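This report concerns only the one structure given below.
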Amino acid sequence: MTAKWWQNEVVYQVYPRSFQDTNHDGIGDIQGMIDHLDYIKNLGVTMIWVSPIYKSPMVDMGYDIADYQDIDPQFGTLDDFKRFLVEAKKKDIKVIMDLVVNHTSDQHQWFIDALANPDSKYRDYYIFKQTNDSEVPNNWRSIFGGSTWEPVPGEPGTYYFHTFAPQQPDLNWENPKLRQEIYKMINWWLDMGVAGFRVDAITHLKKDLDWASLPADGVDGLVSVVKKGQNRPGIDLFLGELKTETFDKYDALTVGEAYGVPDSDLVKYVGPDGYFSAIFDFSYMNIDVQNTDEWYRGRSNWRVKDLRQAMFNAQQTAIDIKGTLANVLENHDQPRVLSKLVPNKADQTPQTSKTLATMYYFLPGLPFIYQGQELGMKNFERQDISEFEDVSSINNYHEALQVGYSKEEALASINSKSRDNARTPMQWDSSEFGGFSDTTPWLKMGTDRQGVNVADEQQDDLSVLSYYQKLGQIRHDNIWEKLAVSGAFTPLTSLPDTVIGYQRTLGQQVLTILVNLSPNKVRFGLIQSGEELAKVGNVAINQHRVTMAGYSAIVLGIK
């Protein structure tokens, strides 16, 4: 099978609001991204995913779009973005954007017109329902908490539908005219030179059109919308048409956020003729959460072998269908991986950050790096719910109180799981505002910052940043690149429970990755070793015996 143009990309996710402020307002901007293109390139990155910078009231930090074809003034202008595309291209860096088409902002002109006039054509661009008893149409719970139905002002008994926040009304994908408007917008961006999209919340486009209530699954008397509004039969029509009308015409890279797709359907999403080029592998990212509808509920009894099995199962499923996974440790919706996967704070060290990097970087598929991950940034510690900006975190805090958590328990849970953990300003240096801005940032800085910043780490050959740069060099090295892109994947199954090991092979070439994801020393046998390409911590190989210290890792290569 011929390799696709995007299969050797390494992607860096920028959360622009927190990346670099250049106009002194405490909010990151497009010029800040331009200023750091060399920094990004030096990581071995070949593509940037830009989180939403469209015009937005920022209720959900840009995932509530008021104008799909304009840039929010706090980030700059459309001309600034076009200049960013040009400057990135000069450095051989492609750019993908966030595609958010399940919903818009309630400030989008379509929705404003839909509310103002029941006879407007835009009323059918969204989902409105009328009831005769002044009760909401059903008992579905939105992902951000509360009913999925919001009353329409001045129209008693009329409601509109939202899977997420009330300020994010869902688009009506059953309407062909709405779909054509969306496709026209997507093609406008692709014509501009965008290389593709990360596709947000895409499995929610189709709803169960019976709109029936289900037995409640919570004390609020509601039931998760996921049961009636995710991966529903009929979504294939929408996704197939979306691909044909847009992505296929431009050979665009598309990476789907495809929560909840059963293994049996994955081939339709990401097989050789799938709707998307790749989908994110969240199998191990959510290993510490009991239920993704209730982020405040933690799961502390997971073990390394559970994580390992989830990761290997996902890879094997993708291989079976000839599909591609986007491999991630962090993103804008997740807490920092060092705090999440390493339970003891004393073990949350730069060494452990490098160990985690080694674990995922050479898996088949596309490695994604989220800003600050390459520094070993950690979760924060907030003292009060008023210090949070994330609408999901705030809603989960109040839901946790409702089900019986104390304020202290609820705050501790939100501190560990909040999306704001990943959204704290980028740490460029050790100054008060981290070199992100010269004024108070929109979101308080992280609280665990000692030595974790670009300026310090650039001077240290043993830093997390230097290690990520080294991994990038290995991946793009002429000797190893083809192997990293298309080599076969073999899990190493007879290892200690805390060791994650796998091999990539192509002809006579072999890459062996070994990671001890625990504080304890381990010993085991290894048939093949090879040249040491990268090492973290104390790893000794004596003939066919391997000894690994706690939170250590090694990459071995046979040419």
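In this text the structure is predicted, and so the values were computed from the model without any measurement.
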Heavy-atom pair with the smallest gap, counting every atom of Ser416 and Asn379: O-ND2, 3.2 Å

Mark yes when over 12 heavy atoms from residues, nucleotides or ligands other than Asp133 sit less than 6.0 Å from its CG; otherwise mark no. yes

Between Gln315 and Asn327, is any side-chain donor less than 3.5 angstrom from a side-chain acceptor? yes

Does the distance from a Lys or Arg side-chain N to an Asp or Glu carboxylate O, for Asp208 and Lys228, drop under 4.0 Å? yes

Asp320 side chain to Gln316 side chain, donor-acceptor N/O pair below 3.5 angstrom: yes

Below 4.0 angstrom, N of the basic side chain to O of the carboxylate: do Lys206 and Asp236 qualify? no

Give the minimum heavy-atom separation between Ile48 and Val11, together with the two atoms involved. C-CG1, 4.5 Å

With no hydrogens and no angle check, just 3.5 Å: does a side-chain donor-acceptor pair link Thr77 and Asp80? yes

Using the rule given for side chain to side chain contact (heavy atoms under 4.5 Å, CB included), can you reason through Trp49 versus Val95, listing the C-alpha separation, both sets of side-chain angles and the distance that settles it, and then say yes or no? CA-CA 6 Å; Trp49 157 23; Val95 176; over 6 Å; no

Phe276 and Trp6: ring pair (Phe, Tyr, Trp, His ring centres under 6.0 Å), yes or no, with the steps? CA-CA 12 Å; Phe276 306 109; Trp6 42 261; over 10 Å; no

With a 6.0 Å cut-off on the ring centroids, do His204 and Tyr259 count as close? no

Centre of Trp173's six-membered ring, under 6.0 Å away, within 45 degrees of the axis: is that where NZ or CZ of Arg179 sits? no

Would you indicate whether the side-chain heavy atoms of Leu307 and Met311 approach each other to under 4.5 Å? yes

Before we go on, tell me: are the rings of Phe111 and Tyr160 under 6.0 Å apart, centre to centre? yes

Between Lys207 and Asp170, is the closest basic N to carboxylate O distance under 4.0 Å? yes

For Asp273, is there an ion pair with Lys268 - N to carboxylate O distance below 4.0 angstrom? no

Answer yes when Arg232 and Glu174 have at least one side-chain N-carboxylate O distance shorter than 4.0 Å, and no when they do not. no

Sidechain N-carboxylate O distance under 4.0 Å for Asp113, Lys121: no

Is the shortest side-chain heavy-atom distance between Tyr370 and Gln334 below 4.5 Å? no

Taking all non-hydrogen atoms of both residues into account, name the closest pair between Ile96 and Val194 and its distance. CA-CG1, 4.2 Å

Before we go on, tell me: are the rings of Tyr159 and Phe128 under 6.0 Å apart, centre to centre? no

Any side-chain donor-acceptor pair under 3.5 Å between Asp265 and Asn231? no

Those residues at least two apart in sequence (or on a different chain) that pass ring-ring contact (aromatic ring centres under 6.0 Å, His included) with Trp189 are Tyr54, Phe81

Ring centroids only, cut at 6.0 angstrom: are Phe368 and Tyr12 within range, meaning strictly under it? no

Applying side chain to side chain donor-acceptor pair (under 3.5 Å) between Tyr125 and each of Lys177, Glu181, His108, report the one that passes. Glu181

Compute the centroid of each ring, for Phe144 and then for His162, and state whether the two points are separated by less than 6.0 Å. no

Does the pair Asp64 and His103 meet the rule for a side chain to side chain contact (heavy atoms under 4.5 Å, CB included), with working shown? CA-CA 7 Å; Asp64 48 323; His103 49 268; 5.7 Å; no

Hey, are Trp442 and Ser18 close enough side-chain-wise for a donor-acceptor pair under 3.5 Å? yes

Identify whether the distance between the nearest side-chain nitrogen and carboxylate oxygen of Asp333 and Arg423 falls below 4.0 Å. yes

With rounding to the nearest 0.5 Å, note down the distance linking CG in Asp390 to CG in Leu443. 9.5 Å

Could you check whether Gln168 and Thr104, counting side-chain N and O atoms only, form a donor-acceptor pair closer than 3.5 Å? no

Evaluate the side chain to side chain contact (heavy atoms under 4.5 Å, CB included) criterion for residues Leu356 and Leu341: first the C-alpha distance (whole Å), next the side-chain angles of each, then the deciding distance (0.1 Å), finally the verdict. CA-CA 9 Å; Leu356 289 165; Leu341 294 186; 4.1 Å; yes

Please check if the distance between the ring centroids of Phe380 and Phe388 is under 6.0 Å. yes

Distance flag, aromatic centroids of Phe161 and Tyr126, threshold under 6.0 Å: no

Find out whether Arg419 and Val391 are in side-chain contact, i.e. whether some heavy atom of one side chain is under 4.5 Å from a heavy atom of the other. yes

Going by an N to O cut-off under 4.0 Å, is there a salt bridge joining Arg308 and Asp306? no

So which heavy atom on Leu242 is nearest to which on Ile186, and how close? CD1-CD1, 3.5 Å

Can you tell me if Gln74 and Arg17 form a side-chain donor-acceptor pair at under 3.5 Å? yes

How about Lys249: does its NZ atom have over 12 heavy atoms from other parts shown lying under 6.0 Å from it? yes

Any heavy-atom pair between the side chains of Ile414 and Ser393 that's under 4.5 Å? yes

If you apply the rule side-chain hydrogen bond (donor to acceptor under 3.5 Å, both in side chains), what do you find for Asp220 with Gln402, and how did you get there? CA-CA 8 Å; Asp220 56 4; Gln402 189 179 8; 5.7 Å; no

Is any side-chain heavy atom of Val267 closer than 4.5 Å to one of Tyr269? no

NZ/NE/NH1/NH2 to OD/OE distance under 4.0 Å, Asp288 and Lys417: yes

What pairs with Tyr63 under ring-ring contact (aromatic ring centres under 6.0 Å, His included), at least two apart in sequence or on another chain? His332

Which pair of heavy atoms, one from Ser283 and one from Ala310, lies closest together, and at what distance? OG-O, 3.3 Å

Ring centre gap for Tyr284 and Tyr360 strictly below 6.0 Å: no

